[in-house]
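What follows is a short report on a single structure.
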Amino acid sequence: MPFFGMFSNDIAIDLGTANTLIYMKGKGIVLNEPSIVTYDVSSRKIVAIGEEAKVMMGRVHKELNTIRPMRDGVIADFEIAEGMIRMFIKKISSNWMPARRIVVCVPSGITEVEKRAVRDTAEHAGAKEVHLISEPMAAAIGIGLDVFAPFGNMLIDVGGGTTEIAVIALSGITNGVSIRIAGDELTDAIIRFFRSNQNMLIGERTAEEIKCQVGSVMPLKEEVIIEVKGRDLVAGIPKITEVSSIEIREALNPPVAQMVEAVKVALEKTAPELSSDILERGIFLTGGGALIKGLDERIRVETGVPVHIAEDSLTAVAKGTGKVLEDLDKYRKVMLKR
Ligand code: ADP
Ligand code: MG
């Protein structure tokens, strides 16, 4: 009776700096929550994860701490990260059996030590078999590019902590650039703008909301003015101020310019045959950070290459990691070696 076979516990994890997604074999994406943990400072016991922890962010008292354990693209706090993964897995598991196989995607610039740490974390969380795949490769598979074919595809995944730029051909990344400037840096640029230009402190959540709603990197058809609430730096009291989308764009420019520069560097390092493939097929953008208004146009203007934003930008990596899990044999070649 093929009864037990139906309840495979194999999973794929997109352990992002901003969001964690879990794909369950045969089911698809079963969890999509912020990579955020609230824990008790003295006992280090986790009190909330994901959405629940995000609400607490910036609102906790001194006994509780809210952190993003993956902040810079790799595991910054092992113990907490492991606890978070364990709790996410528990949340989706319909039965007690721990996951047997886990495919995890990692930034392409990851070191051997960091790779080891991800493996250990997954093993401690209950995995019997751990496979690693690089994020841009997973993203490419997720949006349906043929990564085995003898032509070049350029993919840029803009996450929270890292921007991964990769040229993929013949099952491998022929040239990759990974920089630690992505969505978080854009949020930080907005916080800095309010501090230095408006004498005002705003929280990370507020800054992120402003970024998503009115943040842009190219002139908008209609520029807007918004009201922002925060705390006056000098008087220490709550304050409301008005800023325009033009000012926000100026604040975002330095990190955006660095991202575009990295794309240019990657293009310069690309072999001529691959360059012509990319010119013909365009650059593909994935990741939540790619949703900042005008990024596609900005890259197109500065590089002369067509740019496409993936439809399922925020889930591309998880979907690709899931496809690898569904067919480990087919994708063995594209996985990272030990
Ligand atoms: P990661 O893979 O690192 O977890 P994601 O691909 O989930 O990151 O993207 C998260 C980043 O995308 C965050 O910095 C978030 O603020 C940003 N983001 C999400 N939606 C938007 C949007 N509409 N506009 C601008 N940035 C966005
Ligand atoms: Mg990601």
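One is the number of the first residue; the rest follow in order along the sequence. Please read all numbers here as calculations on a predicted model, not as lab measurements.
In the model, Asp277 has no side-chain atom that pairs as donor or acceptor with a side-chain atom of Ser275 under 3.5 Å. Judged by distance alone, the side chains of Glu223 and Ser245 do bring a donor and an acceptor atom under 3.5 Å apart. Looking only at atom types and distance, the side chain of Asp157 has a donor-acceptor partner in the side chain of Thr286 under 3.5 Å away. Asn175 and Thr270 share a side-chain donor-acceptor pair at under 3.5 Å.
Partners of Ser178 under the side-chain hydrogen bond (donor to acceptor under 3.5 Å, both in side chains) rule, at least two apart in sequence or in another chain, are Glu164. For Lys115, the side-chain hydrogen bond (donor to acceptor under 3.5 Å, both in side chains) partners are Glu112, not counting sequence neighbours. Legend: residues meeting side-chain hydrogen bond (donor to acceptor under 3.5 Å, both in side chains) with Asp146, ordered by chain and number and at least two apart, are absent. For Glu52, there are no salt bridge (Lys or Arg N to Asp or Glu O under 4.0 Å) partners two or more places apart in sequence or in a different chain. For Gln198, the side-chain hydrogen bond (donor to acceptor under 3.5 Å, both in side chains) partners two or more places apart in sequence, or in a different chain, are Thr241. Partners of Glu33 under the salt bridge (Lys or Arg N to Asp or Glu O under 4.0 Å) rule, at least two apart in sequence or in another chain, are Lys91. Among residues two or more places apart in sequence or in another chain, the salt bridge (Lys or Arg N to Asp or Glu O under 4.0 Å) test is passed with Arg300 by none.
Counting Ile, Leu, Val, Met, Phe, Trp and Tyr side chains that sit under 4.5 Å apart, directly or through other members, Leu233 shares a hydrophobic cluster with Leu201. Residue Leu325 is found in a hydrophobic cluster whose other members, listed by chain and number, are Leu21, Tyr23, Ile29, Val103, Ile133, Met137, Ile141, Val147, Phe148, Ile168, Ile173, Val324, Leu328, Tyr331, Val334, Met335; membership requires side-chain heavy atoms under 4.5 Å apart, directly or through intermediates. Cluster partners of Val265, using a side-chain heavy-atom cutoff of under 4.5 Å among ILVMFWY residues and allowing indirect links: none.
For the side chain to side chain contact (heavy atoms under 4.5 Å, CB included) criterion with Asn153, the lone passing option out of Leu145, Ile143, Leu274, Val167 is Leu145. When each of Arg249, Glu297, Arg298 is checked for a side chain to side chain donor-acceptor pair (under 3.5 Å) with Ser216, only Arg249 meets the rule.
Formation of a donor-acceptor pair under 3.5 Å by the Lys293 side chain with backbone atoms of Cys212 is found in this model. Although no hydrogens or angles enter the test, the distance criterion places no donor-acceptor pair under 3.5 Å between the side chain of Glu250 and the main chain of Glu247. Panel note: side chain Asp232, backbone Pro238; no donor-acceptor pair is recorded below 3.5 Å. Under a 3.5 Å cut-off, the side chain of Thr321 and the backbone N or O of Ala12 do not form any donor-acceptor pair. At distances below 3.5 Å, at least one donor-acceptor pair connects side-chain atoms of Thr111 with backbone N or O atoms of Glu114. Here the side chain of Ser134 pairs no donor or acceptor atom with the backbone of Ser108 at under 3.5 angstrom. Judged by distance alone, the side chain of Thr163 and the main-chain N or O of Ile181 form a donor-acceptor pair under 3.5 Å. Judged by distance alone, the side chain of Lys54 and the main-chain N or O of Ile49 form no donor-acceptor pair under 3.5 Å. Judged purely by atom type and a 3.5 angstrom limit, Asp312 has no side-chain atom pairing as donor or acceptor with the backbone of Thr315.
Annotation: side chain of Phe151 is not in contact with side chain of Ile278 (no heavy-atom distance under 4.5 Å). Side-chain atoms of Ile46 and Thr38, non-hydrogen and from C-beta on, never get closer than 4.5 Å to each other. When side chains are defined from C-beta on, Glu63 does not count as touching Val41, because their heavy atoms never get closer than 4.5 Å.
Taking CD1 of Ile89 as the start and CD1 of Ile22 as the end, the distance is 5.5 Å to the nearest 0.5 Å. Put simply, CG on Leu285 and CG on Leu291 are 9.0 Å apart, with the number rounded to the nearest 0.5 Å. Here the straight-line distance linking atom CD1 of Ile283 with atom CG of Asp296 works out to 11.0 Å at 0.5 Å rounding. Note that CD1 of Ile110 is 11.5 Å distant from CZ of Arg116, once rounded to the nearest 0.5 Å.
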Margin query: For Glu123 and Arg119: C-alpha separation, side-chain torsions, deciding distance, then whether salt bridge (charged side-chain N to carboxylate O under 4.0 Å, His left out) applies.
Written below: CA-CA 6 Å; Glu123 277 164 12; Arg119 262 184 207 289; 5.4 Å; no

Next item on the list: Could you give me the CA-CA distance, side-chain angles and deciding distance for Leu64 and Thr66, then say whether side chain to side chain contact (heavy atoms under 4.5 Å, CB included) is met?
Entry: CA-CA 7 Å; Leu64 293 179; Thr66 296; 5.9 Å; no

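Here Asp188 does not pair with Arg192 in a salt bridge; the nearest charged N to carboxylate O distance is not below 4.0 Å. For the pair Glu79 and Arg44, the salt-bridge criterion is met [side-chain N within less than 4.0 Å of a carboxylate O]. Between Glu326 and Lys319 there is no salt bridge, since no side-chain N of the basic residue sits under 4.0 Å from a carboxylate O of the acidic one. A salt bridge links Arg68 with Glu204: the closest approach of a Lys/Arg side-chain nitrogen to an acidic carboxylate oxygen falls below 4.0 angstrom. Using a cutoff of 4.0 Å between basic side-chain nitrogens and carboxylate oxygens, Lys264 and Glu268 are not scored as salt-bridged.
Clustering ILVMFWY residues whenever any of their side-chain heavy atoms sit less than 4.5 angstrom apart, transitively, puts Ile36 in a cluster other than the one holding Tyr39. Hydrophobic clustering (side-chain heavy atoms under 4.5 Å, transitive across Ile, Leu, Val, Met, Phe, Trp, Tyr) groups Ile190 together with Val224. Note: the hydrophobic cluster containing Val305 also contains Val158 (ILVMFWY, side chain heavy atoms under 4.5 Å, direct or indirect links). Cluster annotation: Ile11 is connected to Val104 through the hydrophobic network of ILVMFWY side chains, with a link wherever side-chain heavy atoms come within less than 4.5 Å. Hydrophobic cluster membership differs between Phe284 and Val217, with clusters built from Ile, Leu, Val, Met, Phe, Trp and Tyr side chains linked at under 4.5 angstrom.
In Lys337, the NZ atom is crowded: over 12 heavy atoms of neighbouring residues, nucleotides or ligands sit closer than 6.0 Å.
Within the structure, ring-ring contact (aromatic ring centres under 6.0 Å, His included) pairs that include any residue of residues 220-246 do not occur (at least two apart or interchain). Among residue pairs with one or both ends in residues 219-255, none qualify as ring-ring contact (aromatic ring centres under 6.0 Å, His included); sequence neighbours excluded.
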